[in-house]
Amino acid sequence: MATFLQSVKVLADGKFFSDPVLNENVLTIDISDDQFIAITTVYIPQELGQHIHYLLTNVQFDGHGIETCRKIIYAQDDDSQQAIYDYILALQADRWAA
């Protein structure tokens with residue numbers, strides 16, 4: 001069964017500046033040469049085991065090397081995970097519309 005990060009990688013493959021890279025529990029996607037997304041698995045300890053959340057961060061660099069965070073999505077459940085999918089699809093649409 002594919003993990004959430006694997007499914008996001010498949011969604012983004014071949015659609016951006018370069019193919020996404022999944023390294024253990026971090027997925028990075030280069031949107032352009034000055035913008036990237038990182039989605040990280042966050043393990044929240046609980047009394048019985050752990051709960052898995054996901055954190056999306058969209059970062060853009062300006063011409064002076066300064067990073068600006070454009071968007072953060074903290075996915076705690078299926079609805080907020082869908083928000084990550086929707087955000088990536090919107091970025092794809094913007095990229096190919098230009």
Side-chain angles (χ1 to χ4, degrees):
M1 180 176 197
T3 68
F4 176 69
L5 291 182
Q6 289 169 330
S7 63
V8 173
K9 181 181 182 309
V10 168
L11 177 71
D13 272 336
K15 311 252 183 358
F16 292 105
F17 187 73
S18 63
D19 285 337
V21 175
L22 179 56
N23 187 357
E24 294 188 20
N25 61 344
V26 177
L27 174 66
T28 56
I29 304 169
D30 289 334
I31 304 301
S32 64
D33 61 350
D34 64 352
Q35 181 181 4
F36 73 92
I37 287 177
I39 305 172
T40 307
T41 307
V42 180
Y43 297 100
I44 310 293
Q46 294 183 333
E47 286 184 32
L48 300 173
Q50 58 190 0
H51 193 70
I52 300 173
H53 295 193
Y54 298 96
L55 179 65
L56 175 146
T57 307
N58 184 346
V59 176
Q60 187 161 15
F61 301 96
D62 68 7
H64 305 288
I66 296 174
E67 299 177 5
T68 302
C69 182
R70 298 186 65 201
K71 181 77 169 180
I72 294 177
I73 300 174
Y74 184 69
Q76 305 175 54
D77 53 28
D78 291 342
D79 288 339
S80 51
Q81 287 178 14
Q82 185 62 47
I84 290 176
Y85 288 130
D86 293 344
Y87 186 71
I88 290 171
L89 289 171
L91 286 172
Q92 286 176 5
D94 287 346
R95 174 164 170 74
W96 294 109

**Asked** Taking the six-membered ring for Trp, is the centroid-to-centroid distance between F4 and Y85 below 6.0 Å?
**Response**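 Aromatic pair counts; centres sit under 6.0 Å.
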**Request:** Could you pull out all residues at least two apart from D79 that satisfy side-chain contact (heavy atoms from CB on, under 4.5 Å)?
**Result:**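 Once residues adjacent in sequence are excluded, the partners of D79 under the side-chain contact (heavy atoms from CB on, under 4.5 Å) criterion are D77.
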**Request:** Could you list the residues that satisfy side-chain hydrogen bond (donor to acceptor under 3.5 Å, both in side chains) with T57, not counting sequence neighbours?
**Result:**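 With neighbours one apart ignored, the set is empty.
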Taking all non-hydrogen atoms of both residues into account, name the closest pair between [X] and [Y] and its distance.
| X | Y | result |
| --- | --- | --- |
| Q76 | H51 | O-NE2, 3.7 Å |
| L56 | N58 | CD2-N, 4.1 Å |
| F16 | I88 | CZ-O, 3.8 Å |
| D19 | D13 | OD1-C, 4.0 Å |
| A75 | S80 | CA-OG, 3.1 Å |
| I29 | A12 | CD1-CB, 3.8 Å |

**Full working for side-chain contact (heavy atoms from CB on, under 4.5 Å) between T3 and T41** = CA-CA 10 Å; T3 68; T41 307; over 6 Å; no
Just wondering, do [Y] and [X] contact through their side chains at under 4.5 Å, heavy atoms?
| X | Y | result |
| --- | --- | --- |
| L91 | K15 | no |
| F36 | I31 | no |
| Y54 | V8 | no |

**Request:** Kindly compute the distance separating CD1 (I37) from CZ (R70), expressed to the nearest 0.5 Å.
**Result:**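 Answer rounded to 0.5 Å: 9.5 Å.
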**Prompt:** What's the spacing between I84 CD1 and L55 CG if we round to 0.5 Å?
**Reply:**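 I84 CD1 to L55 CG: 8.0 Å, rounded to 0.5 Å.
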**Item:** T68 and D62: CA distance, side-chain angles, deciding distance, side-chain contact (heavy atoms from CB on, under 4.5 Å) verdict
**Value:** CA-CA 8 Å; T68 302; D62 68 7; 5.7 Å; no
Do [X] and [Y] land in one hydrophobic cluster if side-chain heavy atoms of ILVMFWY residues count as linked below 4.5 Å?
| X | Y | answer |
| --- | --- | --- |
| V26 | I39 | no |
| Y87 | Y74 | no |
| L27 | L89 | yes |

**Request:** Go through F17 and D33 one step at a time and tell me if the side-chain contact (heavy atoms from CB on, under 4.5 Å) criterion holds.
**Result:** CA-CA 7 Å; F17 187 73; D33 61 350; 3.7 Å; yes
**Asked** Any donor and acceptor pair, going by atom type alone, linking the side chain of Q92 with main-chain N or O of L11 inside 3.5 Å?
**Response**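 Here the side-chain-to-backbone pair exists.
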**Prompt:** When you look at Y43 and I52, which way does the side-chain contact (heavy atoms from CB on, under 4.5 Å) test go after all the steps?
**Reply:** CA-CA 5 Å; Y43 297 100; I52 300 173; 3.7 Å; yes
